[in-house]
Amino acid sequence: MIGIRGGAPRRARLVGFGSYVPETVVTNQDLERLVDTSDEWIVTRTGIRERRWVSSEQATSDLAIGAAKDVLARTGVAVTDVDVLILPTCTPDHVFPSVAALTAHGIGATRAAAFDIQAACSGFIYGVAQGTAMIEAGLADTVLVVGAEVLSRFVDMEDRTTCVLFGDGAAGALLTAGDPDRYTGFLGFELGADGSRAADLQIPVGGSRLPASGDFAPDQAFVKMNGREVFKFATRIMEESVIRLLERLDISIDEVDLLVAHQANQRIIDHAVKRLGIAEERVFNNLERYGNTSAASIPLALSEAVDAGRLSAGDLVLLVGFGAGLTWASCLVRYEPE
Ligand code: ACO
């Protein structure tokens, strides 16, 4: 892409969504045969009933390519019109090249700039914030943001507290430049990161500190999580982030038509919903069928909310997430598909 800053003022517009999940469904009953757990424990503690896992040949970019093609097919936008492909992921195919570059090649987005964003489960909202900024600065007209994850390769099947939580999948959204007089688009973002909490959720091996070529205990190559601390952080930060954003925008929670939170744990979402005082019928969840798909979870839920008729033109949509870093993000957007 070539982008020259400036031009007429404009707003980034959220046009539509798409998704792709691998075929293999892994139920709680399947996990009961692999680890010391039970369907009853998983459902009552997390709300998850099943998740998807990739086949042995698939990697994150394969899912991202499927989701990117679905977004373009549903929105009717030509791949050659994509200026930027932003790819939030914490489970890339490689340290480098980026999943974004592989995905752009895979879909034929030959004009697009492409880069990954690493903000773990907050990544989709970070990616959308970046895309919005590029459009509103006049650097790009059409931005594809696709969150994609293959967490099944990074969970320790000996660790029952983490292996039951995560799933694989990809989903994304298309952003274009809208008429500022007609579209209200993205109203605001609240993003943050607290690296002092890094050890609460990490995959220690595979980077420059503990390279894959070094000596390490086998479990260090998998997700290590202090579940109770992450749980406490998540319940606090989702509420705080949303309140900060809505106060800044002077918008009441009663004006929000749909809340889509990061799909990590039903108890975390229920806690946030109760504290924020939003009616349950204005919340969309699908984690019982996918588990925690990290950067893919929010667009995967948004995609299904559209298919289920839960999201209409003009609706005010609140997104909120948290993840490794520890990071957090919230966003308020007016959905204007046409
Ligand atoms: N099956 C059966 N029993 C289990 C399982 C399991 N899968 N996992 C843990 N247990 C047991 C524990 O061993 C413990 O037993 P004990 O009392 O005999 O020691 C008991 O259940 C309770 O364990 P807790 O850890 O206290 O369970 P809790 O209710 O806190 O739930 C959970 C654990 C689900 C992990 C919760 O803490 C949680 O959801 N945390 C947040 C995780 C999260 O959202 N991560 C997001 C990651 S986002 C990203 O960026 C990747």
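All figures in this text were calculated on a predicted structure; none of them were measured in a lab. Atoms within a ligand are numbered from 1 in the order they appear, just like the ligands themselves.
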To the nearest 0.5 angstrom, please state how far the CG atom of Asp168 sits from the CG atom of Leu151. 6.5 Å
For ligand 1, which atoms sit closer than 4.0 Å to a heavy atom of Ala120? 50 (O)
The salt bridge (charged side-chain N to carboxylate O under 4.0 Å, His left out) partners of Arg267 (sequence neighbours excluded) come to none
With the side chain counted from C-beta on, respond yes when Glu50 and Glu288 share a heavy-atom pair under 4.5 Å apart, and no when they do not. no
Find out whether Val164 and Ile48 are in side-chain contact, i.e. whether some heavy atom of one side chain is under 4.5 Å from a heavy atom of the other. no
Please determine whether the number of non-hydrogen atoms from other residues, nucleotides or ligands lying under 6.0 Å from atom CZ of Arg49 exceeds 12. no
Closest protein heavy atom (residue, atom, distance) for atom 33 (C) of ligand 1: Trp41 CH2, 3.9 Å
protein heavy-atom neighbour closest to atom 1 (N) of ligand 1 works out as Thr37 OG1, 2.6 Å
Counting each atom of ligand 1 from 1 as listed, which ones have a heavy atom of Phe166 under 4.0 Å away? 51 (C)
Specify whether the nearest protein heavy atom to atom 19 (O) of ligand 1 is under 4.0 angstrom away. no
Measure across Gly66 and Tyr20 and return the closest heavy-atom pair with its distance rounded to 0.1 Å. C-CB, 3.5 Å
Please classify the Thr162 to ligand 1 contact at 4.0 Å (heavy-atom distances, strictly less than): side chain, backbone, both or neither. neither
For atom 25 (O) of ligand 1, is the nearest protein heavy atom under 4.0 Å away? yes
Identify the protein heavy atom lying closest to atom 36 (C) of ligand 1, giving its residue, its atom name and the separation to 0.1 Å. Phe231 CD1, 3.9 Å
Of all pairs that satisfy side chain to side chain donor-acceptor pair (under 3.5 Å), the ones with a partner from residues 87-107, not counting sequence neighbours: Ser61-Asp93, Thr89-Glu149, Thr91-Glu149
Determine, step by step, whether Phe284 and Leu302 satisfy the side-chain contact (heavy atoms from CB on, under 4.5 Å) criterion, reporting the C-alpha distance in whole Å, the side-chain angles of both residues, the deciding distance to 0.1 Å, and the verdict. CA-CA 8 Å; Phe284 187 85; Leu302 282 167; over 6 Å; no
So, regarding Asn265 and ligand 1 (criterion: nitrogen or oxygen to nitrogen or oxygen, under 3.5 Å), is there a contact or not? yes
Below 3.5 Å, N or O to N or O, backbone or side chain included: is there any such pair between Arg45 and ligand 1? yes
N-O pairing of Arg310 and Glu304 below 4.0 Å: no
Write out the residue and atom name of the closest protein heavy atom to atom 45 (N) of ligand 1, then the distance separating them to 0.1 Å. Met225 SD, 3.3 Å
Is there a donor-acceptor contact under 3.5 Å linking the side chains of Ser297 and His262? yes
Going by the 4.0 angstrom heavy-atom rule, the piece of Leu151 near ligand 1 is neither
Among Cys121, Ala234, Ser297, closest by any non-hydrogen atom to atom 48 (S) of ligand 1: Cys121
Identify, by atom number and element, the atoms of ligand 1 in contact range of Val164, meaning under 4.0 Å from any of its heavy atoms. 7 (N)
Charged N to carboxylate O under 4.0 angstrom, Glu229 versus Arg197? yes
Contact (N/O only, under 3.5 Å) between Arg160 and ligand 1: yes
In terms of atom number and element, which parts of ligand 1 are under 4.0 angstrom from non-hydrogen atoms of Phe322? 44 (O), 46 (C)
Hey, is atom 16 (P) of ligand 1 touched by any protein heavy atom at less than 4.0 Å? no
What protein heavy atom is closest to atom 44 (O) of ligand 1, reported as residue, atom name and distance in Å? Ala264 CB, 3.5 Å
Protein contact of atom 35 (C) of ligand 1 - nearest heavy atom, named by residue and atom, plus distance: Thr161 O, 3.8 Å
Closest candidate by heavy atom, reference atom 31 (O) of ligand 1, pool Arg267, Arg228, Gln202: Arg267
Can you confirm whether Tyr290 sits close enough to Arg52 that some side-chain heavy atom of one is under 4.5 Å from a side-chain heavy atom of the other? yes
Contact region, Asn292 to ligand 1, non-hydrogen atoms below 4.0 Å, reads side chain
Side chains of Phe166 and Arg51 in contact at under 4.5 Å (non-hydrogen atoms): no
Return yes or no for this condition: an N or O of Ala324 is under 3.5 Å from an N or O of ligand 1. yes
Shortest protein heavy-atom distance from atom 40 (N) of ligand 1, along with the residue and atom involved: Gly227 O, 2.9 Å
Using a 4.5 Å cut-off on heavy atoms from C-beta on, say whether the side chain of Leu191 contacts that of Trp328. no
Show the atoms of ligand 1 that are less than 4.0 angstrom away from any heavy atom in Leu201. 47 (C), 48 (S), 49 (C), 50 (O)
